[in-house]
Visitor: 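Before we start, here is the structure in question, set down as structure tokens.
Whatever order the structure lists ligands and atoms in, that order sets their numbers, starting from 1. Here the structure is a predicted model, which is why all the values come from computation and not from measurement.
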Amino acid sequence: MTKRLWIETVGCQMNVLDSELVVAALRRQGWEMARTTAEADAVFYNTCSVRQHAEDKIYSALGRIREHKRQRPGLVVGVLGCMAQKDQELVRKRAPWVDLVVGPGQLHRVPGLVDEVLAGGGPRLEVSLDRTGGSRAAIAESFESYDPDRDAGMRPTPFQAFVRTQTGCDKFCAFCVVPHVRGPEQARDPATIVAEARKLVAEGCREITLIGQTVNSYRWSDGGRTTRLADLLVLLDGIDGLDRIKFVTNYPRDMTDDLIAAVRDLPKVSHYLHVPAQHGSDAVLERMKRGYTIGEYLEMLGRLREAIPHAAVTSDFIVGFCGETDAEFQTTLDLVRTADFKNSFIFKYSPRPGTKAFDRQPDDVPEAVKRDRNQALLEAQAAVSLAGNLRFIGTRQQVLVEGLSARDERRQGGQEAATESPAQLQGRTMCDRIVVFDAPLRLVGRLVDVDIQAAGAWSLAGDVADGLADAVPLPDAMPPADAMPRAPLFAERAAAESGPLYAIALPAAKASHGPGTTRADTSPGG
Ligand code: SAH
């Protein structure tokens, strides 16, 4: 009888990719996806350890699944990924009904381990060595790169895919657990990366996002020849049928001129760069062991903006790191107000066992202060993001259509939408800005031009441009523009993202773009 799998994934893009691969491997063994946990033969949680909150969520999910396991002892409960590597035996101490605990470096073993559990072999724990558990080579070997064949059906959309450039991390920032749970940095062979990208494109993938903990530190040496990220981008840019290439996450010090030039010059490479600053103060950056000063970060940002003036740069920030004073926090606030980040991901410091900060620096900023600083920084960034997005009103942007907008996703409630009737769709510009617009669902997976009519802090809204060459919907399938509901429901989106809501500028009349109108030279790059 067919077995059914339910999998929940939290955390970063690496986890999304790992889940895709685990599911693909099980599907090849005849498993199918369950629609609910109640009909599942196995329930997996692919976990994150980067903050305490991510772990708490998983332990409460394990609490909820306990009753299922009591009623159906044959149900296989699995904890995969970073929390499995970090907590190891502790997972089963806290939740003895868990059958499988598998770290991110052992995921290739999941299909075999599930079979063993189903055959009555009892619970299994498979993790890699920890960072002091042996020679570098031995530790690296215990974190096996997990790169089996891909299965397009397992991705959120078949036309977008993550491709791993490296596993692990060697930066050892004082706050960060990643080097401990994902092991030493190990690059994948460029030939393997390019072959995987070609295969994805042959299966219909149009956008590839390269992922590594510090993706721009990529380095592969082979017989005296070294391949860096810039070289890899050149190879990928040459793949016919691929439209867009993105890469995350960048380490500020490795943002070299050759990489910036490659981003500027290669037509398929997105001018979107996620380069986390983490903090605005030299003293805090030093305590964080980030390895650069704020002056060096700004110098990097200056080089980047000089080469690519409209580049969309995003950052991560941690508030309330050990010993952070009001004056130190103010430097982060000033940075956010002046650096024109497209967006910032803001986190309250969460002490992680095993890290240098956990061992040596007290977590002494009160939770209420962290919360206030988090809120103040969010508001500062939202104002900057809104100002940045308002510059797009009246421009035409090329958008890769991803699917229903968050609003219509909820409305649809899992029902199939008619491919010809207009729905509110969502896509992204080349620079990763979210755009919502009304159009038939069959445009999903296509590149369309959208005339931007409105902007909020977190997204743009507009109308599919007239006279579209390949993607224009059949005229009779589209009601007249005036009859269509106004697209942006920013209040809902903002509420969903729990960010503050800002004003929307909505021009009364549509910006007129006749047929043959090209993108204005002055338009931001998308
Ligand atoms: N190397 C990857 C993943 C790091 S985790 C990257 O740079 O994106 C993603 C973000 O989480 C980090 O950039 C940092 O801002 C935040 N983070 C990491 N450890 C944290 C901690 N202990 N507490 C709060 N935020 C943390």
Side-chain angles (χ1 to χ4, degrees), residues 10-18 47-57 81-83 85-86 104 162 164-186 209-218 229 246-255 272-281 284-285 287-292 297 313-324 329 332 335-336 341 343-365 367 369-371 373-374 377-378 381 432:
V10 296
C12 65
Q13 294 97 333
M14 280 286 172
N15 274 11
V16 175
L17 174 56
D18 283 339
T47 61
C48 172
S49 273
V50 90
R51 283 169 292 278
Q52 184 62 43
H53 179 63
E55 297 189 350
D56 295 344
K57 275 210 301 226
C82 293
M83 196 183 86
Q85 178 66 34
K86 174 176 159 288
F162 293 126
R164 221 188 303 263
T165 54
Q166 299 117 289
T167 57
C169 184
D170 288 336
K171 294 290 191 280
F172 288 100
C173 301
F175 51 80
C176 190
V177 79
V178 171
H180 306 273
V181 290
R182 286 205 172 258
E185 183 172 329
Q186 302 186 70
T209 302
L210 301 174
I211 55 173
Q213 296 301 333
T214 55
V215 66
N216 60 341
S217 316
Y218 178 81
L229 181 60
K246 297 176 181 172
F247 54 91
V248 288
T249 293
N250 293 286
Y251 180 62
R253 277 187 60 170
D254 291 329
M255 196 51 90
Y272 156 62
L273 295 152
H274 184 54
V275 201
Q278 308 295 0
H279 209 275
S281 137
V284 178
L285 289 171
R287 298 205 289 280
M288 289 178 164
K289 299 268 170 275
R290 283 290 287 178
Y292 54 84
Y297 185 90
V313 183
T314 58
S315 179
D316 292 347
F317 288 100
I318 296 178
V319 297
F321 185 67
C322 312
E324 186 191 60
F329 171 66
T332 298
L335 179 63
V336 162
F341 293 119
N343 194 6
S344 290
F345 301 91
I346 299 161
F347 307 103
K348 289 179 287 178
Y349 173 59
S350 169
R352 306 284 63 214
T355 61
K356 287 199 193 88
F358 184 88
D359 292 339
R360 298 182 203 157
Q361 303 183 54
D363 172 30
D364 53 3
V365 177
E367 181 59 27
V369 175
K370 286 181 184 172
R371 213 173 33 236
R373 289 178 183 170
N374 184 68
L377 202 56
L378 269 175
Q381 180 60 56
D432 212 49

Visitor: Walk me through it: do F247 and H274 pass the test ring pair (Phe, Tyr, Trp, His ring centres under 6.0 Å)?
Guide: CA-CA 8 Å; F247 54 91; H274 184 54; over 10 Å; no
Visitor: Could you tell me whether F175 and ligand 1 have an N or O pair separated by under 3.5 Å?
Guide: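 Checking ligand 1 against F175, an N or O pair does fall under 3.5 Å apart.
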Visitor: Quiz question: by atom type and distance under 3.5 Å, do the side chains of R253 and Y251 form a donor-acceptor pair?
Guide: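 No, Y251 and R253 have no side-chain donor paired with an acceptor closer than 3.5 Å.
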Visitor: Of all the non-hydrogen atoms in the protein, which one sits nearest to atom 15 (O) of ligand 1, and at what distance?
Guide: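 Scanning the protein heavy atoms, the shortest distance from atom 15 (O) of ligand 1 goes to Q278 OE1, 2.7 Å.
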Visitor: Report the nearest protein non-hydrogen atom to atom 9 (C) of ligand 1: residue, atom name, distance rounded to 0.1 Å.
Guide: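 Checking every protein heavy atom, the shortest distance to atom 9 (C) of ligand 1 gives D316 OD2, 3.9 Å.
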Visitor: Distance under 6.0 Å and angle within 45° of the ring axis: does R287 meet both against F321?
Guide: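 No - R287 does not lie over the ring of F321 by the 6.0 Å and 45° rule.
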Visitor: Which ligand 1 atoms does T249 reach within 4.0 Å, using its non-hydrogen atoms?
Guide: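 In order of numbering, the contacting atoms are 6 (C), 7 (O), 8 (O).
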Visitor: SG of C173 to CD of Q213: how many Å apart, nearest 0.5 Å?
Guide: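 One finds 10.5 Å between SG of C173 and CD of Q213.
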Visitor: Is any side-chain N of the basic residue among D363 and R352 closer than 4.0 Å to the acidic one's carboxylate O?
Guide: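 Judged by the 4.0 Å cut-off on N to carboxylate O distance, D363 and R352 do not form a salt bridge.
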Visitor: I want to confirm something. Looking only at heavy atoms, which of Q13, H53, Q213 is nearest to atom 3 (C) of ligand 1?
Guide: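 Nearest heavy atom to atom 3 (C) of ligand 1 lies in Q213.
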Visitor: Under 4.0 Å, heavy atoms only, figure out whether ligand 1 is touched by the backbone of V50, its side chain, both or neither.
Guide: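 Both backbone and side chain.
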Visitor: Please confirm whether K348 comes under 4.0 Å of ligand 1, counting heavy atoms of the residue only.
Guide: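 Flag set, K348 near ligand 1.
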Visitor: Which residue and atom name correspond to the protein heavy atom nearest atom 26 (C) of ligand 1, and how close is it?
Guide: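 In this structure, atom 26 (C) of ligand 1 has R51 NH1, 3.5 Å as its nearest protein heavy atom.
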